[in-house]
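Taking it in order: structure first as structure tokens, then the write-up.
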Amino acid sequence: MDASLIDYSRAQFALTAIYHFLFVPLTLGLSFIIAIMETIYVKTNKPKYKKMTKFWMGLFAINFAIGVATGIIMEFEFGTNWANYSWFVGDIFGAPLAIEGILAFFLESTFFAVMFFGWNKVSKGFHLLSTWLVAIGSNLSALWILIANGWMQYPVGMKFNIDTVRNEMSNFADVALSPVAISKFLHTVGSGYVISSLFVIGISAWYLLKGRNIAFAKSSMLIGATFGLIVSIFLFITGDESAHQVALKQPVKLAAMEGLYEGKTQAGIVAFGILNDKKNVDNDENTYLFNLEIPYALSILGYRDSFAYVPGLKDLVYGNEKYNIESAEDKIKKGKIALEAFKDYKKFKNQNKIEESNNSKFLFETYEDYFGYGYLDNPKDILPPIGLTFYSFHIMVSFCMWFILLFMVILFLLLKKDITTQRFWLYASLYSIPLGYIAAEAGWIVAEVGRQPWAIQDLMPVGIAATNISSTNVQITFWLFAFLFTALLIAEIKIMTKQIKIGPNGGH
Amino acid sequence: MKTISRVFSFYYDGFKNLKVGKSLWKIVIIKLLVIFVVLNYFVYDKNLNTEYKTIKEKQDFIFTNLTKGK
């Protein structure tokens, strides 16, 4: 297949996912923050909390309205640009997405109307319940989508049906409760909560810098920073578990995240580093031009043992007998046997040669786990882009550390000092809003670029997942989407900025 | 009937009293038109279900894609 077609199909999907995920995080987290604000209002009956809830709810609504349905485009892309993939895994991948549409999205949308239109029309209790149900619905949507994504990273609970050329679900619980899916869900929604907290403290900081709505901004900031500190620690813990799962299920990704070419015991984590771009798996150049390392941390993170051996990229490409690591070359050989047996099975079956087809099926099933490797030609094809994965991972982690510090400082200043005089920290809060988004997108890059060349880990490379359609059509739609999404983003920023300038005393 | 009327007036009053919401609804409607009409019917108009009617045809198409040149 034309390489530019695959690249454009990937770029188009990446563009859609990245833009879609600019809208999602605020929905995930701000819904909980406004639910907390409204709960305080219902408990205390103080009008200032009602005003606060309504203001942030207005911003939530802007984000919800602009972002809603942008994810549908990815489902269209599955059907047209990724038809091979869709058929190959549709039985498994489709189920969580269908549940998401039927259950979570409708729960969220139904109660969104009550939450937004229902002030003074339904009881306080029912309104509060609706607000919480919107928050829960938003997060349930994310749960099912991330279960689907988690399955792509770690395919379980299915059996390949050689006759229908389709993976069929054999155990729903294995798919839904996969440790990769669960840790991915918790970590991803955690990033949404942190972004939302940064959004609340950042905008509140802007009011304080302008000397407007001081009491409102301080109260909002207190709720935002408290929630933010809790969820940023939660994000750090879930990130640790997520990386542990990566070490167990996707060791190439972990090695790429750390730029680890040579495997080692007592492996450290690079706290800060600049990769040497001359380095590759075949030479002995230094990996880093500069690096600061935290000793033992990677062995602990990956395998919960400070003396554990962490395989490097060389081990994973060329194998390492001492540590029982199979080479990519051996995996490719086995994959090609599986692929050949797959072809033979169909051929013999069409010729009604029962015994030969059964033999081919047995051979296929023997090497089925290596099936995806049959499409690779070179052991080094298993390597993702190392630099992009490495830097994205380190940007994400560094920003997470910054957010924890920021929330702690803001809370301290709110409780112990006069925060209105702390202009550095107010500006830091304001300018940290985009950093939250950058960290979340960097996280997605680690998850998705880091598992290349696989669309489905070890089963289907991206090049095989794509449909052979006109490259020109994909290029045109790529630019069409870039325009559409950029227009939506500009509209969101303009409307939101206008509403923020009007402030909590304006309407919705 | 009374319930339907109450639900209708709930939404009617809600939409009527929107301020920023009116601009948002315009954006939502335009966006949904682009996604569900332009993209659905003119850009993403071809997929396995539109091109192949039977399951056997779909299986054969995918089998060919997964095995050709390999």
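Just so you know, these numbers use all the heavy atoms, side chains as well, and skip hydrogens, waters and symmetry mates. Letters A, B, ... mirror the listed sequences (proteins, then strands); counts begin at 1.
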For the pair [X] (side chain) and [Y] (backbone), establish whether a donor and an acceptor sit closer than 3.5 Å, ignoring hydrogens and angles.
{"X": "B:Lys31", "Y": "A:Ala65", "value": "yes"}
{"X": "A:Tyr375", "Y": "B:Thr67", "value": "no"}
{"X": "A:Lys346", "Y": "B:Phe63", "value": "no"}

How long is the straight-line distance from [atom2] of [Y] back to [atom1] of [X], given to the nearest 0.5 Å?
{"X": "B:Ile62", "Y": "A:Ile464", "atom1": "CD1", "atom2": "CD1", "value": "11.5 Å"}
{"X": "B:Lys56", "Y": "A:Asp163", "atom1": "NZ", "atom2": "CG", "value": "10.5 Å"}
{"X": "B:Leu24", "Y": "A:Phe64", "atom1": "CG", "atom2": "CZ", "value": "11.5 Å"}
{"X": "B:Leu66", "Y": "A:Trp87", "atom1": "CG", "atom2": "CH2", "value": "11.5 Å"}
{"X": "B:Asn65", "Y": "A:Thr467", "atom1": "CG", "atom2": "OG1", "value": "7.5 Å"}

Next on the checklist: Report which part of B:Leu32 has an atom under 4.5 Å of a heavy atom belonging to chain A: side chain, backbone, both, or neither.
Outcome noted: side chain
Taking side chain as everything from C-beta outward and backbone as N, CA, C, O, which of these in [X] sits under 4.5 Å from a heavy atom of chain B? Side chain, backbone, both or neither.
{"X": "A:Tyr85", "result": "neither"}
{"X": "A:Phe78", "result": "neither"}
{"X": "A:Glu77", "result": "both"}
{"X": "A:Ile476", "result": "neither"}
{"X": "A:Thr477", "result": "side chain"}
{"X": "A:Ile72", "result": "side chain"}
{"X": "A:Ile495", "result": "side chain"}

Checklist entry - Can you list the residues that meet the salt bridge (charged side-chain N to carboxylate O under 4.0 Å, His left out) rule with A:Lys498, with sequence neighbours excluded? => result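 Expected list: none.
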Checklist entry - How about B:Lys26: does its NZ atom have over 12 heavy atoms from other parts shown lying under 6.0 Å from it? => result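 It does not: B:Lys26 NZ has 12 such atoms or fewer within range.
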Item to check | Contact leader toward chain B among A:Leu480, A:Val114, A:Thr164, A:Ile73, where contacts are heavy-atom pairs under 4.5 Å | outcome: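 Heavy-atom pairs under 4.5 Å are most numerous for A:Thr164.
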Item to check | Side chain to side chain, B:Asp60 and A:Val165, heavy atoms closer than 4.5 Å | outcome: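 No - every pair of side-chain heavy atoms lies 4.5 Å or more apart.
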